[in-house]
Amino acid sequence: VLNMPHTPGARRSKRVRYETVKFWKGERPLYEASRNEDGTIERKYVGVDRPNEDLPDFHLPTPKSSAKKPSLHVPTSSTLVVNNRFEPGEHEATAVWSADQAGKSRKDVNGCDYSFAKFKTDADYMSGGMLYIPKGGSKPTRVQKASSMMLCVITGKVEVHIHKSKFQLGHGGVFHVPPGNRYSLKNLGSMQAKIFFSQHKGIPAS
């Protein structure tokens, strides 16, 4: 395929040169092909196809939302004033943890490749927290004695082993470990797995 003859004196390549084509308006260059006596095909530029002449001559940018993202009212303390179920009136209780507060309470486990952040409430019958298992890591087998656990996979993909059952869960998956059962966790994903857990020992009588 031959291009158009090079313009004498022009210090440019021999590529076909044509006026500006506005691709956002659907325009495209047009060519005509003809066969020479030696059998080669010559492609000749004849103009630009302009199917949308009525559209603006400039590329309209995608409008951006002018709405501001709402800011978070992050608590600076874990203490809230709540109603007391067992005694009349209100009292202060440890009941909320921001992401920063959770990160500061994160601890490594000796001899293991996972870490955790525990959120201990004023109620001695329950607690909660976050498990962090690195890529390729695991949480060794543990026996839930008198307490039960409810866990939710926040990020990652994990293999769960409870007693004689083994299964896999991803983001949003929830599982329960009843009292008296062994369980273990293994990270199967390519990133750190984050798992929220809540542990209950039984609610005292009112």
Compare every heavy atom of [Y] with every heavy atom of [X], then report the nearest pair and how far apart it is.
X	Y	value
Gly170	Val153	O-CB, 3.3 Å
Gly136	Asp113	O-OD2, 4.4 Å
Gln199	Ser147	NE2-OG, 2.9 Å

Joint cluster assignment, [X] & [Y], ILVMFWY side-chain distance < 4.5 Å:
X	Y	value
Met149	Val109	yes
Val82	Val96	yes
Trp97	Phe116	no
Phe197	Val160	yes

Kindly indicate whether the side chain of [X], heavy atoms from C-beta on, has any atom under 4.5 Å from the side chain of [Y].
X	Y	result
Gln144	Asn181	no
Ser148	Pro178	no
Leu185	Glu159	no
Pro134	Gln192	no
Leu169	Lys157	no
Cys112	Pro140	yes
Ser138	Tyr114	no
Ile154	Met130	yes

If you round to the nearest 0.5 Å, how far is [atom2] of [Y] from [atom1] of [X]?
X	Y	atom1	atom2	answer
Tyr132	Ser115	OH	OG	7.0 Å
His161	His163	NE2	NE2	9.0 Å
Leu188	Gln168	CG	CD	5.0 Å
Leu151	Leu131	CG	CG	6.5 Å

(message) Can a side-chain donor-acceptor contact be found between Glu92 and Thr79 if the only test is distance below 3.5 angstrom?
(response)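 Judged by distance alone, the side chains do not pair up.
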(message) Please tell me whether His200 and Ser198 have a donor and an acceptor in their side chains that are separated by less than 3.5 angstrom.
(response)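 Side-chain D/A pair, His200 to Ser198: present.
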(request) Please check if atom NE2 in His176 has more than 12 non-hydrogen atoms from other residues, nucleotides or ligands closer than 6.0 Å. (result)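 Counting neighbours around NE2 of His176, more than 12 heavy atoms of other residues, nucleotides or ligands fall under 6.0 Å, so yes.
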(request) Count the heavy atoms belonging to other residues, nucleotides or ligands that lie under 6.0 Å from CZ of Arg106, then report whether that count exceeds 12. (result)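 Yes, the 6.0 Å shell around CZ holds more than 12 heavy atoms from other groups.
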[X] side-chain N/O to [Y] backbone N/O, donor-acceptor pair under 3.5 Å:
X	Y	value
His171	Gly173	no
Asn187	Gly137	no
Asn36	Asp38	no

(message) Evaluate Ile133 against Ile195 for side-chain contact (heavy atoms from CB on, under 4.5 Å), listing each step before the verdict.
(response) CA-CA 8 Å; Ile133 306 177; Ile195 305 167; 4.1 Å; yes
(message) Would you call the rings of Phe175 and Phe167 parallel, tilted or perpendicular, taking 30° and 60° as the class edges?
(response)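 Rings of Phe175 and Phe167: perpendicular, as their planes differ by over 60°.
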(request) Give the C-alpha distance, both sets of side-chain angles, the deciding distance and a yes or no for side-chain contact (heavy atoms from CB on, under 4.5 Å) between Phe119 and Ser127. (result) CA-CA 6 Å; Phe119 313 145; Ser127 63; over 6 Å; no
(request) Report the C-alpha separation of Ser34 and Glu42 in whole Å, then their side-chain angles, then the decisive distance to 0.1 Å, and conclude whether the side-chain hydrogen bond (donor to acceptor under 3.5 Å, both in side chains) test is met. (result) CA-CA 5 Å; Ser34 60; Glu42 181 177 357; 4.6 Å; no
(request) Would you verify whether the NZ or CZ of Arg142 falls within 45 degrees of the ring axis of Tyr183 while also being under 6.0 Å from that six-membered ring's centre? (result)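 Pair Arg142/Tyr183 does not count as cation-pi.
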